[in-house]
There are 2 protein chains.
Amino acid sequence: MTDMLQRKPVSQVANSDCFTEESLTKLKEIMYEMRAEAGNHLFWEGDTADKLYFLKRGQVKITKASDEGKSFILYVYNTGDLFGQVDPFQNSVHSFNAEVTENSIIGVIQQKDLEVLLWQHGDLAVEFMKWMGLMHRMTQTKFRDLMMFGKPGALCSTLIRLCNTYGKNHGSEIVITKKLTNSELADMIGATRESVNRMLGDLKRANIIAMENNYIVVKDLPYLRDICQCENCPVDMCRI
Amino acid sequence: MTDMLQRKPVSQVANSDCFTEESLTKLKEIMYEMRAEAGNHLFWEGDTADKLYFLKRGQVKITKASDEGKSFILYVYNTGDLFGQVDPFQNSVHSFNAEVTENSIIGVIQQKDLEVLLWQHGDLAVEFMKWMGLMHRMTQTKFRDLMMFGKPGALCSTLIRLCNTYGKNHGSEIVITKKLTNSELADMIGATRESVNRMLGDLKRANIIAMENNYIVVKDLPYLRDICQCENCPVDMCRI
DNA sequence: AAGGAAGTGTGATGTAAATCACATCACAAA
DNA sequence: TTTGTGATGTGATTTACATCACACTTCCTT
């Protein structure tokens with residue numbers, strides 16, 4: 001093992017970067033803090049959706065359980081990310097599950113309180129709007145990747161997103177500093193473990209990626225980009 | 001042909017219903033009006049995204065062109081709908097195309113002007129946030145329908161959405177008062193014309209739907225709901 | 001150090017949907 | 001009336017992935 005893991009991540013970006021320091025402080029003032037243990041759920045499909053969550057530390061996955069058993073991972077949020085549903089309907093419910101995957105410290109914002117804050121602070125409202133736009137765009141991009149370029153395209157796109165979220169540069173190679181099982185990757189793209197295994201095998205054989213110490217190393221990012229037509233998106237955008 | 005087409009639509013809802021009369025007026029004050037002919041494009045993939053569009057009259061489809069030729073229809077907007085991209089990046093570009101499919105009158109809002117307005121009017125900001133939430137939710141729901149329940153599920157979901165958008169009740173049956181070709185339906189669910197044709201054939205044979213005067217008539221909505229697990233969503237939500 | 005659990009790798013087979021290739025059908029225009 | 005042009009309907013074939021069934025590898029436990 002070399003020193004590659006000591007290097008700085010490609011990006012240590014959180015979606016709350018949409019906000020200025022002051023705005024984030026205002027948001028923090030209306031949060032109440034809670035702790036959640038890995039394995040717990042923040043909310044389930046069908047629960048009332050009237051809160052936002054700010055991940056002070058930890059990790060939360062948003063998933064959708066399919067008809068029988070398997071779960072599809074829609075988003076993975078990390079330290080510094082803000083997430084949740086803001087709906088126009090009073091009796092709105094979640095359509096996904098929020099699973100805490102690392103012990104987390106979470107700031108909870110009631111929608112009512114948020115509305116008051118937005119009402120009072122125009123600048124915050126504008127930033128908040130941009131945050132929502134970013135979230136929406138991420139969903140659309142993911143949608144496109146999964147629909148338009150088949151499973152290999154979805155996998156390549158996911159690898160790129162992993163680079164943008166957990167990648168550390170090592171010369172022209174990028175180490176994804178996060179251990180992932182084939183099953184996890186499969187759940188992220190709605191494929192089976194076996195399919196992911198075969199696709200990763202193909203990529204290894206073609207010298208696009210490699211495994212080092214059980215970490216995925218991307219050796220030919222342009223190839224991945226080409227497969228899923230990832231051209232013009234900002235790094236902040238194409239994340240997991 | 002009977003009198004069924006004289007009856008009132010199930011819903012004459014537009015997504016601008018998120019706004020109060022006053023807020024909508026404020027928005028209208030910062031719009032400039034333009035006309036667009038059927039067949040033209042409002043914007044293309046890659047164009048700068050710094051405007052919102054309010055469809056005063058007409059129809060616009062948001063599409064994504066796939067690698068070779070075929071285009072995927074993501075949204076169809078009708079009279080009264082507000083749409084467009086609000087992004088946190090200054091140099092943000094569209095990732096989809098906006099095709100005008102009926103001669104339209106469109107109010108254009110510059111993002112800069114919108115920001116000023118949101119900054120000034122807290123109540124508008126709150127409503128705007130809800131509109132954005134609704135848009136995002138629609139994308140997520142569509143995503144789910146297309147990913148989780150295969151092509152038949154996607155078709156059933158689309159038929160339900162068509163009922164909610166263009167449906168007129170006729171006893172227990174619902175007439176979709178809009179002519180649609182198999183190809184159009186195919187583009188909406190990312191399938192081929194042939195597949196749609198076969199699936200529609202199955203549904204006809206099972207007496208779930210029927211054709212009357214080239215309009216689709218839904219005879220067994222509960223069956224469609226069952227296929228794509230459409231249970232708890234408000235009618236305003238599940239639209240095309 | 002042995003045993004077990006979780007993860008990986010890979011062949012054989014099944015299946016949904018795309019693709020290809022036509023045969024209609026509806027209807028508008030010449 | 002014929003002719004051309006979309007749209008529909010349907011079989012045959014191919015393709016992409018899922019499913020099933022195991023063997024193999026890692027690494028963790030006690």
Side-chain angles (χ1 to χ4, degrees), chain A residues 1 38-39 65-73 101 145-159 176 178-206 208-217 227-228, chain B residues 1 38-39 65-73 101 145-159 176 178-206 208-217 227-228:
Chain A
M1 194 55 182
S66 90
D67 230 7
E68 245 7 285
K70 45 174 104 176
S71 82
F72 182 71
I73 301 173
T101 45
D145 290 344
L146 300 191
M147 292 293 296
M148 310 281 288
F149 310 114
K151 301 296 166 181
L155 180 60
C156 291
S157 151
T158 301
L159 288 172
I176 296 173
K178 171 130 184 96
K179 296 219 167 149
L180 292 152
T181 65
N182 291 353
S183 306
E184 272 178 295
L185 282 171
D187 288 346
M188 289 186 199
I189 64 173
T192 59
R193 179 191 70 74
E194 293 94 323
S195 295
V196 167
N197 187 280
R198 284 184 245 259
M199 288 189 285
L200 287 178
D202 291 344
L203 291 174
K204 281 177 209 160
R205 249 164 272 128
I208 312 300
I209 63 168
M211 297 303 295
E212 279 181 30
N213 254 48
N214 289 321
Y215 290 97
I216 298 174
V217 181
I227 293 292
C228 62
Chain B
M1 194 58 183
S66 91
D67 230 6
E68 245 9 282
K70 45 174 106 174
S71 82
F72 181 71
I73 301 173
T101 44
D145 290 344
L146 300 193
M147 292 294 296
M148 311 283 289
F149 309 114
K151 300 296 167 182
L155 180 61
C156 291
S157 151
T158 300
L159 288 172
I176 296 173
K178 172 130 183 93
K179 296 219 168 149
L180 293 151
T181 66
N182 291 351
S183 306
E184 271 179 296
L185 282 171
D187 288 346
M188 289 187 199
I189 65 173
T192 59
R193 178 191 71 74
E194 294 94 323
S195 296
V196 167
N197 186 280
R198 285 183 244 261
M199 288 188 286
L200 286 177
D202 292 345
L203 291 174
K204 280 175 210 161
R205 249 164 272 127
I208 311 299
I209 64 169
M211 297 303 296
E212 280 181 29
N213 253 48
N214 288 322
Y215 290 98
I216 297 174
V217 181
I227 293 291
C228 62

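Being a predicted model, the structure only gives us computed values, none of them experimental.
Comparing C/dA17, D/dA7, C/dT8 by their closest approach to the side chain of B/Ser195 singles out C/dA17. Of the candidate nucleotides C/dT8, D/dT8, D/dT19, C/dT8 has the atom lying nearest to any side-chain atom of A/Thr181. Candidate nucleotides D/dC27, D/dT19, C/dA17 were compared by shortest atom distance to the side chain of A/Thr192, and D/dT19 ranks first. Which of C/dT8, C/dG9, D/dA18 sits closest to the side chain of A/Lys151 comes down to D/dA18. Among D/dT19, C/dT19, D/dC27, the nucleotide with an atom closest to any side-chain atom of A/Arg198 is D/dT19.
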Reading DNA chain C 5' to 3', what string of ( ), [ ], | and . shows its pairs, if Watson-Crick and G-U wobble pairs count only when both distances fall under 3.5 Å? ||||||||||||||||||||||||||||||
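One can place CG of B/Asn214 at 15 Å from P of C/dC25, the figure rounded to the nearest angstrom. Rounded to whole Å, atom C1' of D/dG6 lies 13 Å from atom CD of B/Glu184. Distance CE (A/Met148) to C1' (C/dA18): 15 Å, rounded to an integer number of Å. To the nearest angstrom, P of D/dC17 lies 12 Å from CG of A/Leu146. Distance CD1 (A/Ile209) to C1' (C/dT8): 14 Å, rounded to an integer number of Å. Counting to the nearest Å, the C1' atom of D/dC22 and the CD atom of A/Glu194 are 12 Å from each other. Following rounding to the nearest Å, A/Asn213 (CG) and C/dG7 (P) show an atom-to-atom distance of 18 Å. Straight-line distance from the NZ atom of B/Lys70 to the P atom of C/dC20: 9 Å, rounded to whole Å.
Interface remark: the B/Arg193 side chain does form a donor-acceptor pair with the D/dG9 base, using a distance-only criterion of under 3.5 Å. On a pure distance criterion of 3.5 Å, no polar donor-acceptor pair joins the side chain of B/Arg205 and the base of D/dT10.
Counting any heavy atom pair closer than 4.0 Å across all strands shown, B/Gly201 reaches no nucleic acid atom. Using a 4.0 Å heavy-atom distance criterion, B/Lys179 is classed as making no nucleic acid contact.
Within the 4.0 Å cut-off from OP1 or OP2 of C/dG9, at least one side-chain nitrogen or oxygen of A/Asn197 is found. Note on B/Asn182: every side-chain N or O is 4.0 Å or more away from OP1 and OP2 of D/dA7. Between B/Lys204 and D/dG9 there is a side-chain N or O to OP1 or OP2 distance below 4.0 Å.
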Intermediate values then yes/no, side-chain contact (heavy atoms from CB on, under 4.5 Å), A/Ile189 and A/Met199: CA-CA 12 Å; A/Ile189 64 173; A/Met199 288 189 285; 4.0 Å; yes
Can you check side-chain contact (heavy atoms from CB on, under 4.5 Å) on B/Met211 and B/Val217, steps first, answer last? CA-CA 6 Å; B/Met211 297 303 296; B/Val217 181; over 6 Å; no
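The two atoms that bring B/Asn182 and B/Val196 nearest to each other are O-CG1, 3.9 Å, heavy atoms only. Between B/Phe72 and B/Met188, the closest heavy-atom pair is CE1-O, 3.7 Å. The shortest non-hydrogen separation linking B/Lys151 to B/Gly190 is NZ-O, 2.8 Å.
Side-chain contact between B/Ile73 and B/Thr158: absent, with no pair of heavy atoms (C-beta onward) separated by less than 4.5 Å.
Each of A/Val196 and B/Leu200 lies near DNA chain D, and the nucleotide nearest B/Leu200 is the one positioned closer to the 5' end.
Distance alone, capped at 3.5 Å, places no donor-acceptor pair between the B/Ser157 side chain and the B/Gly153 backbone. No donor-acceptor distance shorter than 3.5 angstrom exists from the side chain of A/Lys70 to the backbone of A/Ala191, with no hydrogens or angles considered.
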